[in-house]
Asker: 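Take a look at this one; I'll ask things after.
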Amino acid sequence: MRIQRCLRSMVVALGVASAALVSSACSKSPQITAESIEDNWALTEQHEPGSVVMTVAQDGQVTALVKDRDGKPIAADVSGSVSVKVPGKDGAPMSAALVPEPRSGGVLLAKLPPLEDDLTEVSYELKVKGEPFKGVLHVPRGGTRELQESAREHQTTQLDGTKGPNGGVLQPVGDDIVEIVADKESGDLRVYVLDLNLKPVPIGEREIKLAVQTASGPDVIVLAPGPDRLYFTGKLNVKVNPTKVTVVLKEGGHTHVVLCGYRPGAVIVVGPSAPVIGILVATTWAVKVDVRPTVVVHDDDDDDGRVLVIHKHKHKHKGKGKGKWHWK
């Protein structure tokens with residue numbers, strides 16, 4: 001009798017433990033919800049009928065959320081997919097369905113191959129209550145997180161509205177400032193590297209490519225060094241100002257990727273109402289590149305006893321890209 005009672009007690013205990021485990025598994029909350037997705041390095045693209053909030057992680061995990069015009073998450077009647085062209089592999093892009101995450105408030109999940117290139121094109125196509133949402137993200141190895149971190153690194157930089165020496169668009173990238181400019185008649189594209197006084201300097205051993213988005217679609221342009229490595233050259237496939245430009249700059253074993261003009265937390269307007277980035281100008285390329293060993297000396301203002309920083313073209317900084325330029 002005592003043995004039977006002991007066995008019965010063990011069975012009851014095991015049943016309670018199993019029920020607790022099942023209850024715990026069933027009540028497990030999703031890692032990302034409609035309320036938390038924007039705090040997980042997401043980019044938000046504004047379409048005409050609403051917006052798409054999306055993260056792309058280094059391991060290829062994609063999360064997406066669709067919101068209506070009032071910014072409210074849409075959890076029902078949403079379907080779609082994401083696709084990616086795996087760098088270095090032939091064939092059609094790889095596609096993955098966006099699957100609803102239970103109890104997340106409308107978050108969709110998909111899994112793509114890990115990000116291995118310095119720039120990967122990720123396309124999404126959603127249908128929300130019959131309305132199409134289509135877009136393209138160009139993401140670095142670190143995914144949308146890296147783009148957000150790059151934007152935060154330069155959020156104190158105030159270059160909005162400041163034109164480059166050739167009339168082009170200025171963008172901080174890593175420890176450099178670049179000017180992106182194209183001839184409006186020919187579509188010839190140039191990228192200059194500028195010093196702290198916004199004067200062009202030789203490009204050195206840097207490498208640059210641009211991902212541009214226009215009404216005709218996305219395009220990646222690998223730029224070539226110009227004569228005497230004074231600037232980079234390329235060609236626009238269509239002679240129109242782009243709505244998005246992503247810049248990849250390599251130097252000394254380091255790669256920096258930025259979304260031109262983006263500020264942390266900003267909404268990126270896409271589609272017919274998207275503002276353009278004015279890189280097309282009427283130019284005769286008259287601006288000269290200063291090939292002399294320019295030296296700029298300034299106070300680093302950190303009260304550590306090292307008050308002077310010397311720059312010779314490569315713009316080496318003690319602080320990584322924070323608060324170096326303050327033009328308005």
Side-chain angles (χ1 to χ4, degrees), residues 140 146-182 189-210 223 225-234 245-264 277-279 281 283 285-328:
E146 185 175 337
L147 290 176
Q148 289 282 13
E149 288 178 335
S150 295
R152 291 183 182 184
E153 181 180 327
H154 296 297
Q155 63 184 333
T156 58
T157 304
Q158 300 177 21
L159 293 175
D160 294 341
T162 303
K163 293 294 184 181
N166 294 281
V169 171
L170 300 180
Q171 175 61 47
V173 188
D175 285 340
D176 291 310
I177 306 172
V178 299
E179 180 190 18
I180 306 169
V181 61
L189 176 68
R190 289 190 184 184
V191 173
Y192 289 83
V193 177
L194 309 181
D195 66 14
L196 298 178
N197 297 313
L198 299 186
K199 303 297 183 183
V201 296
I203 62 175
E205 299 304 314
R206 297 172 181 84
E207 300 175 28
I208 284 184
K209 64 181 174 183
L210 305 178
L223 300 173
D228 298 321
R229 303 189 71 87
L230 300 180
Y231 48 80
F232 293 96
T233 65
V245 177
T246 306
V247 184
V248 180
L249 187 152
K250 295 182 179 181
E251 184 189 20
H254 298 285
T255 301
H256 303 278
V257 184
V258 298
L259 183 57
C260 189
Y262 180 72
R263 294 290 182 266
I277 300 173
I279 64 172
V281 300
T283 179
W285 311 112
V287 176
K288 301 297 183 182
V289 176
D290 185 3
V291 297
R292 296 172 299 171
T294 303
V295 177
V296 181
V297 180
H298 70 89
D299 191 345
D300 67 354
D301 292 327
D302 61 3
D303 298 325
D304 65 354
R306 294 176 293 174
V307 295
L308 296 181
V309 179
I310 301 178
H311 305 268
K312 293 185 178 181
H313 293 319
K314 289 191 177 181
H315 312 313
K316 295 189 180 299
H317 297 274
K318 198 170 61 176
K320 186 181 178 182
K322 295 184 179 179
K324 299 191 294 297
W325 308 290
H326 299 282
W327 296 290
K328 296 183 179 180

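In this text the structure is predicted, and so the values were computed from the model without any measurement.
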Asker: At their closest point, which heavy atom of C260 faces which heavy atom of V169, and how far apart are they?
Answerer: SG-CG1, 4.0 Å
Asker: Report yes if some heavy atom in the side chain of L198 is under 4.5 Å from a heavy atom in the side chain of L170; otherwise report no.
Answerer: yes
Asker: What do the steps show when you test R152 against E149 for side chain to side chain contact (heavy atoms under 4.5 Å, CB included), and what is the final call?
Answerer: CA-CA 5 Å; R152 291 183 182 184; E149 288 178 335; 5.6 Å; no
Asker: Taking C-beta and beyond as the side chain, do L147 and P140 meet within less than 4.5 Å on heavy atoms?
Answerer: yes
Asker: Are there over 12 heavy-atom neighbours, none belonging to K199, within less than 6.0 Å of that residue's NZ?
Answerer: no
Asker: Using 0.5 Å steps for rounding, measure from the CG atom of L249 to the CZ atom of F232.
Answerer: 6.5 Å
Asker: The test is side chain to side chain contact (heavy atoms under 4.5 Å, CB included); show your working for L223 and V191 and say whether it passes.
Answerer: CA-CA 8 Å; L223 300 173; V191 173; 3.4 Å; yes
Asker: Does R229 use its side chain to pair, donor to acceptor, with the backbone of G204 at less than 3.5 Å?
Answerer: yes
Asker: Between CG of L259 and CD of E146, what distance do you get to the nearest 0.5 Å?
Answerer: 12.0 Å
Asker: To the closest 0.5 Å, what do you measure between CD1 (I203) and OH (Y231)?
Answerer: 10.0 Å
Asker: Look up atom OH in Y262 and atom CD in Q155, then write down how far apart they are to the nearest 0.5 Å.
Answerer: 11.0 Å
Asker: Counting C-beta onward and ignoring hydrogens, is there a side-chain heavy-atom pair between E251 and D176 closer than 4.5 Å?
Answerer: yes
Asker: Please report the interatomic distance NE2(H154) to CZ(R263), rounded to the nearest 0.5 Å.
Answerer: 10.0 Å
Asker: Between the main-chain N or O of G167 and the side-chain N or O of E179, is there a donor-acceptor pair closer than 3.5 Å?
Answerer: yes
Asker: Test L210 against every option in V248, V178, L189, T246 by the side chain to side chain contact (heavy atoms under 4.5 Å, CB included) rule and name the one that passes.
Answerer: L189
Asker: Look only at the side chain of D228 and the backbone of L230, and say whether a donor-acceptor pair between them is shorter than 3.5 Å.
Answerer: no
Asker: Find the distance between CD1 (I279) and CZ (R190) and round it off to the nearest 0.5 Å.
Answerer: 14.0 Å
Asker: Under 3.5 Å, is there a donor-acceptor pair between the side chain of Q148 and the main chain of P264?
Answerer: no
Asker: Tell me if a side-chain donor or acceptor on S150 pairs with a main-chain N or O of V257 at a distance below 3.5 Å.
Answerer: yes
